[in-house]
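As the structure is a computational prediction, the values presented were derived from the model and not from experiment. Each chain gets a letter, A, B and so on, in the order the sequences are listed, and its residues count up from 1.
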There are 2 protein chains.
Amino acid sequence: MKKKDFNVSVDCVIYGYDLKRLNIIVLKRVLRSRDTNEILIDDLKLPGNQIYHDEDFDEGAARIVKDLTGLNSIELHQFKAFGSPARISGEKDLLWFRHIKHPHTRVFTIAYYSLLKPYQTRLALERKEHARWYPIYEVGNMAYDHKQIVQESLEALRLKIKLQPNLIFQLLPAKFTMSQLMGLYEELYQIALDRRNFYKKINSLKYIVRLDEKQENVAHKPGILYMFSNDLFDQYWNKRNIISS
Amino acid sequence: MKKKDFNVSVDCVIYGYDLKRLNIIVLKRVLRSRDTNEILIDDLKLPGNQIYHDEDFDEGAARIVKDLTGLNSIELHQFKAFGSPARISGEKDLLWFRHIKHPHTRVFTIAYYSLLKPYQTRLALERKEHARWYPIYEVGNMAYDHKQIVQESLEALRLKIKLQPNLIFQLLPAKFTMSQLMGLYEELYQIALDRRNFYKKINSLKYIVRLDEKQENVAHKPGILYMFSNDLFDQYWNKRNIISS
DNA sequence: TGTTGATGTGTAACTGTTACACTAAACATT
DNA sequence: AATGTTTAGTGTAACAGTTACACATCAACA
């Protein structure tokens, strides 16, 4: 790359599960005409920022999560760098760059995802960009190539959780029922699971411990509560077979 | 990032299996003192380059492989971006930048790995950097953070092949014996496998077909030759279980 | 007290994994 | 021609995990 007409940024796909649907945090991108006040752009983008001069990618991503949610020490997973020269070439994107920001430059972005509990999170709504949770399977077009970034983050997350199932509990409350865990698997992988087999499977995992408590105030038979133990996970988790069938 | 004092490059970890050891392509980095001709630096680095102004990461990586091996249409796998401000801070690295190249700037790199057959590959040795195959488990210190990049590429590759075992055949000749395939698994994962169980497992995979041929000119019982069928793989390959044990 | 709606549970067939030891084939050596 | 060397090829039994499948239970509410 000869001329330095480009920027490097970090974008985050932040996941949350509200016990019904899988959501991500999106920001609003709105542009009004200065003259007519007509809305020229009104769509969604991912939280992201250019990284600072002496900042690591991981630090940049942590800063974005912190600014947005106030949460420190959230686990971040870098999954891919996006840098196609064409990634900012849509009509709206060019318009946005022309009216609001710097002249259009090539923008590389290092994409991250992270997992958190939406009901324990207050979004920093004071920002002009109006952050909100959005059901991931309902996101339509987004700014730039952010739709693609979301899609690839989902694939990366699904894969990651197959390999490190402990991560899924970052999306759940500390105490959860079997149905809630199963519902999350069904939502994340968009499949239907058999309840009896699921119970059997989970019961065989030593690191998910059954508590002596039940759900309260539900209008049906209350579920038994379980919790995930990180210590037991570390103790029991072993690598799987090398050659997959 | 406020000042644009940085560059973006692509580095490639190119794997080859010579039926004995797993190798990667490395380049020599040599610096001699202008006055005394004393060797100041003599170590190894990964093939890599800054990307062109209008070039995709994938294109940049393809260009590196092409320049080095003459091979087109090699599959490339982006696995991580490295961009820590400290990644170029070793004594030798700073020396190298000072004497030979630009003033030291922050360098981001998008790292790729790819798989090829070393015995079908002629390295472009005319380059001053003297490319060569190097057994991966014997690489010592490398320039910059390249040792770490190699290590992480290996982990990414091991994972990838667990999930997409078809890729492993890119490292083998079109016709191979069971022992060769098993040897590659043993080398890649640094484990010992049981031959009978391995044979049973492989025979159960419909996409690995037994040919009516044997090894020739070997000083022992010749092995039966097998080949991998991409078509059959696509037909039979299914996703595995969601919740890993 | 009955209705509603989600929870909790067992078995049998099947599939894949593990551990384990001897014979066969080709070439090399004498 | 006989022998040695080296690697290839093969089966079984115990075990572990996966699948498919139907009915009784409990809490809230009307």
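- A straight line from CD1 of B/Ile202 to C1' of D/dT10 spans 16 Å, rounded to a whole angstrom.
- Note on B/Ser179: every side-chain N or O is 4.0 Å or more away from OP1 and OP2 of D/dT7.
- When the P atom of D/dA28 is taken as reference, atom CD of A/Gln215 falls 11 Å away, rounded to whole Å.
- Residue B/Leu211 contributes atom CG, which lies 12 Å from atom P of D/dG9 at whole-angstrom precision.
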A/Thr109 and A/Asp11: CA distance, side-chain angles, deciding distance, side-chain hydrogen bond (donor to acceptor under 3.5 Å, both in side chains) verdict: CA-CA 6 Å; A/Thr109 197; A/Asp11 284 313; 2.8 Å; yes

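- Note: CE (A/Met182) to P (C/dT9) measures 14 Å, nearest angstrom.
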What string of B, S and - do you get for nucleotides 22-30 of chain C 5' to 3' if you count protein non-hydrogen atoms under 4.0 Å? --BBBS---

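- Per the geometry, CD1 belonging to B/Ile224 stands 13 Å off C1' belonging to D/dT7, to the nearest Å.
- What separates CZ of B/Phe198 from C1' of C/dC20 is a distance of 18 Å, to the nearest Å.
- For A/His146 and A/Gln148, the side-chain atoms include no donor-acceptor pair closer than 3.5 Å.
- B/Glu155 and B/Gln151 are linked by a side-chain donor-acceptor pair at a separation below 3.5 angstrom, with hydrogens and angles left out of the test.
- Put simply, the side chain of A/Lys200 and the base of C/dT11 share a donor and an acceptor less than 3.5 Å apart.
- The existence of a salt bridge linking A/Asp42 and A/Arg29 is excluded, since no basic side-chain nitrogen approaches an acidic carboxylate oxygen closer than 4.0 Å.
- For the pair B/Lys80 and B/Phe82, the cation-pi criterion (under 6.0 Å, within 45° of the ring axis) is fulfilled.
- One atom, CG of B/Leu19, and another, P of D/dT7, lie 14 Å apart when rounded to the nearest Å.
- One side chain, A/Tyr15 or A/Ser153, offers a donor N or O that lies under 3.5 Å from an acceptor on the other.
- Judged by distance alone, the side chains of B/Asn230 and B/Asn166 never bring a donor and an acceptor atom under 3.5 Å apart.
- Summarising the geometry, the separation between OH on A/Tyr236 and C1' on D/dA16 is reported as 17 Å, rounded to the nearest angstrom.
- Side-chain proximity of A/Arg196 to the nucleotides D/dA8, D/dA20, C/dT9 is greatest for C/dT9.
- The side chain of A/Lys201 lies closest to D/dG17 when the candidates are D/dG17, C/dT9, D/dT7.
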